[in-house]
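First up is the structure itself, then whatever we jot down about it.
Owing to the predicted nature of the structure, the values given are computational and were not obtained by experimental measurement. All heavy atoms count here, side chains included; hydrogens, waters and symmetry mates do not. We count residues from 1, following the sequence as given.
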Amino acid sequence: MIEIAGLTLTRGTLRVLDDVTLTLPAGGVTAIIGPNGAGKSTLLNCLAGLITPDAGTVRIDDADIHRLREPERALRLSLLPQGQSVVPRLTVRELVSFGRWPHHRGRPGPEDRALVEAALARFALIPLAERLVEELSGGQRQRVLVAMAFAQATPWMLLDEPLAALDPRHARDIMERLHEVAASGRSVLLVVHDLAIAARYAQSCICMKNGRILAAGPWDQTVTGDLLSTLYDTPLRLADVEGQRVILAG
């Protein structure tokens with residue numbers, strides 16, 4: 001469980017996070033949605049301990065994330081930042097192996113190597129394992145980065161726009177795999193702009209606007225057309241098409 005209480009952050013005259021209070025139960029896929037500038041990425045970075053807020057606390061399993069040393073944080077949650085760059089001349093297997101660093105600190109053992117292979121298999125990367133990452137397509141490269149976060153073997157995976165710039169096929173592929181990851185017991189928290197993807201794959205949702213939480217909870221109990229219309233300042237409505245949740249304009 002992640003408990004957020006009174007999280008506040010100001011940059012200049014802008015209140016980026018405004019008294020954010022929230023409890024995130026473990027398990028499933030949770031989508032953070034909202035317009036540009038809502039504070040979504042900032043919230044994710046605060047949860048990861050990379051940004052220290054002006055006020056408030058973040059506790060993961062009763063530990064204050066900002067009081068933990070970086071190695072301890074890295075055993076509790078993994079973070080894939082937005083626009084993650086890739087070091088050139090690394091193979092897919094080498095990059096995924098970086099996810100094990102918090103555990104072996106430079107001395108990988110059999111368990112680390114086995115978990116890297118498991119991550120490669122989970123994200124269908126074994127056929128690409130010896131390829132250089134910069135030679136891959138954008139969708140393949142993003143899959144490698146998510147696999148690196150998975151290989152870290154943390155209870156929580158925090159992903160900042162992992163679907164950015166991906167075509168529908170690659171976005172769906174990654175979300176299908178993350179859905180399987182969550183079903184196996186991990187907690188996946190991701191920032192996503194594609195509302196259709198969020199509606200289909202997220203069990204829970206956090207709706208942010210102007211640094212505040214407008215609503216949070218199980219998707220079916222929380223998200224309505226009126227809420228989405230307020231969130232994005234445009235008319236939106238929910239519908240069910242062939243058993244799938246969809247979001248329509250107007």
Check whether [X] and [Y] end up in the same hydrophobic cluster, where Ile, Leu, Val, Met, Phe, Trp and Tyr are linked by side-chain heavy atoms less than 4.5 Å apart.
X    : Y    : result
L158 : V191 : yes
I197 : F123 : yes
V181 : V146 : yes
V133 : L128 : yes
L77  : V20  : yes

Main-chain N/O of [Y] paired with [X] side-chain donor or acceptor, under 3.5 Å:
X    : Y    : answer
H66  : I51  : yes
T30  : S204 : no
R177 : R122 : yes
D61  : M1   : yes
Q221 : P218 : no
E94  : T91  : yes
K209 : T230 : yes
E3   : L22  : no
T10  : R15  : no

Evaluate whether atom [atom1] of [X] has more than 12 neighbouring non-hydrogen atoms of other residues, nucleotides or ligands under 6.0 angstrom away.
X    : atom1 : answer
R113 : CZ    : yes
N210 : CG    : no
R105 : CZ    : yes

Cationic N near anionic O, under 4.0 Å, [X] to [Y]:
X    : Y    : value
K40  : D160 : no
E111 : R100 : no
D173 : R143 : yes
R141 : E134 : no
R107 : D112 : no

In terms of heavy-atom contacts, L166 and I174 come closest through CD1-CD1, 3.6 Å
For side-chain contact (heavy atoms from CB on, under 4.5 Å), just list the numbers for L214 and M208, CA-CA rounded to whole Å, side-chain angles, deciding distance to a tenth of an Å, and then say yes or no.
CA-CA 6 Å; L214 290 194; M208 293 191 69; over 6 Å; no
Going from OG1 on T8 to CZ on R212, what distance comes out if it is rounded to the nearest 0.5 angstrom?
8.5 Å
What do the steps show when you test T154 against L75 for side-chain contact (heavy atoms from CB on, under 4.5 Å), and what is the final call?
CA-CA 6 Å; T154 54; L75 297 177; 5.7 Å; no
Show your working on side-chain contact (heavy atoms from CB on, under 4.5 Å) between H193 and I33 and close with a plain yes or no.
CA-CA 6 Å; H193 281 289; I33 65 172; over 6 Å; no
